[in-house]
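Take a look at the structure set out below.
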Amino acid sequence: MNQSDVIVIGAGGVGCAIARELSRYKITVTVIEKECDVAAGTSGRNSAVVHAGFNNRTGSLMARLCVEGNKGFEAVCEELGVPFRNTGKILVAFDEEDMKILEGIVAQGEQNECEGLRLMGREELRRVVPGVDGIGGMYSPHTSIFDPFSYCIALAENAAANGVIFQFNSEVTAVEKTEDGFCITAGGKTYRSRILINSAGLYSDRISEMAGVPGYRIYPCRGEYFILDKVAGELLDIPVYPAPKPGIGGLGVHLTPTIDRNIIIGPSAEYTGDKGDCSCTQETMDRLFAEARALLPSIERRYIIGNYAGIRAKQAPPGEGGFRDFVVKEEESCPGLINLIGIESPGLTASMPIARMVRDLVGNRMDLEEKDGFNPAREAPVRFRDLTEEEQARLIETDPEYGEIICRCQKVTKREIRNAIENPLGARSISAIKYRAWATTGRCNGGYCLTRIVDMLTQEYGMRPEEVTWRGPGSAMFSGEVK
Amino acid sequence: MEKCDVLVIGAGPGGLAAAKGAKEAGAERVVVLERDSCAGGILNQCIHDGFGLIRYHDQLTGPEYAIRAEKEAIEAGAEILTGHQVIRISDKREVKAASREGLKTFQTGAVILATGCRERTRGAISIPGSRPAGVFTAGVVQNFVNVRNIMPGKRVVILGSGDIGMIMARRLTLEGADVKAVVEILPEPAGLARNVVQCLYDYNIPLLCSHTVSRIIGERKLKAVEISGVGPDRKPVSGTEETVECDALVLSVGLIPENEIAGTAGVRLDEKTNGTMTDEYMRTSVPGIFSCGNSHRIMDLADFVSQQGELAGKNAAAYLKGTEMRPWDGARSARLKKGYPLPGTVTCTLCPNGCQIRWDGKGYDGNKCPRGAGFAEQERTAPKRMLTTTVRTKDGKLLPVRTDKAVDKKKLFTIMGCMRQVHPAMPVKCGEEIFRFADVSVISTANMV
């Protein structure tokens with residue numbers, strides 16, 4: 001039996017941030033996650049943007065936490081070795097009505113204490129984003145891009161280094177309120193804790209209900225994306241969004257450069273009723289592409305190298321729309337249960353402030369005394385491709401495996417793959433390697449490196465072919481040996 | 001800093017022939033950089049036969065072809081450096097490569113791009129549906145099955161009827177998989193008629209032309225695909241959907257010239273194909289940089305790739321000496337019969353031409369060579385096929401093998417079954433007998449230590 005002071009359910013960005021925040025104190029913390037790795041849900045399937053906070057209703061928790069999160073984000077990324085780039089962001093107006101919407105957004109943003117927002121005319125728009133043909137726009141200087149996988153991994157690794165225990169492949173099947181806390185069944189094991197933090201994202205309504213607090217409901221709202229080749233990355237170095245139309249339930253299809261200089265197109269917004277259905281559909285893909293081209297006509301079909309979909313944890317039911325604020329609170333009817341409900345965008349941006357709020361709620365229940373040995377820093381993994389040639393040459397001298405390029409599209413070396421395989425969280429699937437080393441993410445989709453990665457897993461790490469999974473149990477890559 | 005006259009990037013058929021050509025035309029130091037641990041490129045995983053009829057006038061498997069091409073390059077005096085991944089080419093034709101020994105810079109007189117091609121992926125063609133485990137490209141499956149002894153699945157659907165797709169349909173069937181269908185969006189199969197016959201018809205594998213995979217089903221692991229008929233616009237026709245259960249989807253949906261390195265040198269690429277733009281002498285837009293084979297344009301046969309590589313090599317040497325270059329003489333695929341075999345004919349599978357031979361009751365007609373008549377006669381009476389496969393060695397590796405002659409078509413699975421019991425000890429030389437089945441000898445097609 002695992003006994004902890006605090007159990008966190010869910011290892012998305014918010015769960016990992018909470019775990020890392022609580023690892024500062026002399027308490028025991030366990031994170032329970034149903035998938036085989038962190039960031040397996042919404043946190044790994046989004047636009048990878050650090051939002052500024054102008055889109056959210058003034059006075060809301062969402063607006064306050066987003067603005068606060070934005071201000072501290074770069075420092076956290078620096079501390080944890082997470083790729084981050086301050087790009088700014090452009091909202092494009094195509095007509096006078098859009099311009100009016102943007103004026104409203106600037107006003108709302110100023111009330112939210114977002115700094116530096118301003119409208120721009122046609123000339124300036126063209127100068128900042130050549131090829132985007134609007135009548136004007138809005139500029140947000142503090143919007144940034146980052147790597148959300150790396151962010152969640154870094155938070156979790158840092159939390160683990162400071163004593164937090166992570167239990168993967170452990171879906172919670174029962175929660176029982178006991179006299180002094182909770183008894184949780186997950187992955188066939190029993191866990192006990194004094195405090196339960198429900199950071200289960202799309203499934204937070206179900207967990208809350210298991211704990212005896214019904215009444216929440218999460219409506220899954222899917223967003224589909226395209227990923228474009230780095231060739232297209234040269235077309236854009238700043239996120240470009242359309243002026244948001246009222247009532248669409250998202251920010252509209254936008255173009256976002258990524259840390260690795262690809263471009264993401266998306267997301268759409270479709271209520272599907274299925275929290276596990278991350279499918280892409282022909283109609284939506286066609287529409288996404290058309291809308292992306294309306295923003296940036298120079299985008300071509302041949303630039304597409306992949307697609308994916310993420311699911312928003314919406315509290316607003318389909319057809320109703322409307323604003324629903326984040327829920328971050330201890331339930332009066334269930335003392336010790338801290339619920340995080342409806343943490344959709346800008347949840348990642350707000351994750352650190354949310355974690356601090358949760359820390360204060362935990363602090364109301366138990367003494368939080370700071371650890372002496374807490375280490376807030378996590379060393380960034382080596383990224384061979386980002387180094388100068390002198391640095392690359394030195395690295396190869398220290399370890400010849402840095403001279404073996406396994407993923408040619410992204411220039412990932414064998415040593416980086418090894419670092420990913422031997423990650424401190426113990427996640428060992430192809431996707432765990434993919435999101436750490438960034439191999440298989442290029443234009444050949446792993447055509448060259450997948451065979452080499454599987455070689456390492458089977459020959460050096462003793463896995464049988466049928467044990468290699470795409471993302472944990474139930475996702476075997478192969479049926480076995482040929483003979 | 002190392003110096004060489006001609007630096008060839010890639011030791012596949014194009015690069016090896018280019019090195020041979022450059023050496024033979026008088027270049028002093030010729031170096032081939034290969035990222036893999038051995039020369040041969042994609043030939044090493046192409047264990048089937050059908051290579052070399054044009055270049056070597058011999059019926060070879062991929063590994064056998066690779067051995068010859070490598071031997072020729074070495075005998076001509078070229079150096080092959082494996083485990084070297086080129087990172088970039090500078091504007092002074094300095095080539096930077098990463099290897100276990102460090103970052104090396106090669107100062108070159110001329111560079112030949114022989115970087116081959118990559119496969120078009122699921123991502124590039126945007127198949128709707130989920131993203132589960134079990135979706136592969138055909139070349140990756142070929143590598144796993146033929147080199148790494150890993151089976152992608154047991155119930156397979158193949159999308160695309162290019163040659164690799166059909167060859168993998170046969171290969172997976174021989175290894176015990178149930179290939180449910182080969183699905184082709186065009187009204188005719190895309191590959192050679194010869195492969196339609198010897199890979200699909202021989203094994204009763206359904207070929208669905210004017211169809212496509214319209215959805216991938218399965219959240220974590222592939223469970224099924226939805227196959228739909230397509231209209232003249234190549235879009236799925238609503239109402240024609242059929243769900244086919246499978247655990248592997250193999251994509252053979254096209255090849256794209258691989259020119260990442262060319263891009264670093266500023267070589268002009270064709271926007272549509274991603275191939276290098278060259279003149280008839282295989283010169284790219286950058287002086288001193290040549291291109292050949294699939295990095296220039298996707299070719300039907302390795303033999304053509306070698307021919308073009310050799311020419312590029314010779315021209316690179318001529319460029320250095322200031323002597324006259326020779327032009328590439330254009331289209332070579334015209335003779336090859338692609339698509340469905342003609343009704344009422346026998347498709348000769350002896351060579352890639354795939355002659356469509358007719359029997360008029362007295363004699364044969366339509367064969368471009370005398371061997372065709374013999375083949376057609378045999379095909380009418382007792383059809384025979386070459387068998388190419390692998391055996392598992394004592395130390396668990398895969399050794400590619402073939403029969404020394406065509407064998408009774410009905411006996412293929414019997415021989416396959418017997419070979420499962422054979423586990424030869426290493427080392428083995430190419431051509432060495434591994435096993436005998438009646439009068440049939442099964443021989444190694446690779447050197448293995």
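Keep in mind the model is a prediction, meaning the values are calculated, not measured. All values below were derived from every heavy atom in this structure, side-chain atoms included, with hydrogens, water molecules and symmetry-related copies excluded. Protein chains get the first letters and strands the later ones, always in sequence-line order, with residue 1 at the start of each.
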Hey, what's the ring geometry for A/Y308 with A/Y225, parallel, tilted or perpendicular (30° and 60° as the breaks)?
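Aromatic pair A/Y308/A/Y225 classed parallel.
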Could you tell me how the ring of B/F136 sits relative to the ring of A/F478: parallel (under 30°), tilted (30 to 60°) or perpendicular (over 60°)?
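Answer is parallel, since the angle falls under 30°.
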Charged N to carboxylate O below 4.0 Å: is that the case for A/R385 and A/D260?
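Yes, this pair counts.
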Is B/D247 salt-bridged to B/R220, going by a charged N under 4.0 Å from an acidic O?
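No, no charged N to carboxylate O under 4.0 Å.
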Could you look at [X] and say if it's the side chain, the backbone, both or neither that has a heavy atom under 4.5 Å from chain A?
| X | value |
| --- | --- |
| B/R155 | neither |
| B/R392 | both |
| B/N146 | neither |
| B/T390 | both |
| B/E271 | both |
| B/E175 | side chain |
| B/T389 | side chain |
| B/N149 | both |

Is it the side chain or the backbone of [X] that comes within 4.5 Å of chain B heavy atoms, both, or neither?
| X | result |
| --- | --- |
| A/K411 | side chain |
| A/I304 | both |
| A/Y303 | neither |
| A/R471 | both |
| A/E35 | side chain |

Are there residues of residues 459-470 of chain A whose heavy atoms fall under 4.5 Å of chain B's heavy atoms? If so, which?
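The residues closer than 4.5 Å to chain B, in numerical order, are A/P465, A/W470.
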Within residues 127-134 of chain B, which residues come under 4.5 Å of chain A, heavy atom to heavy atom?
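The residues closer than 4.5 Å to chain A, in numerical order, are B/I127, B/P128, B/G129, B/S130, B/R131, B/P132, B/A133.
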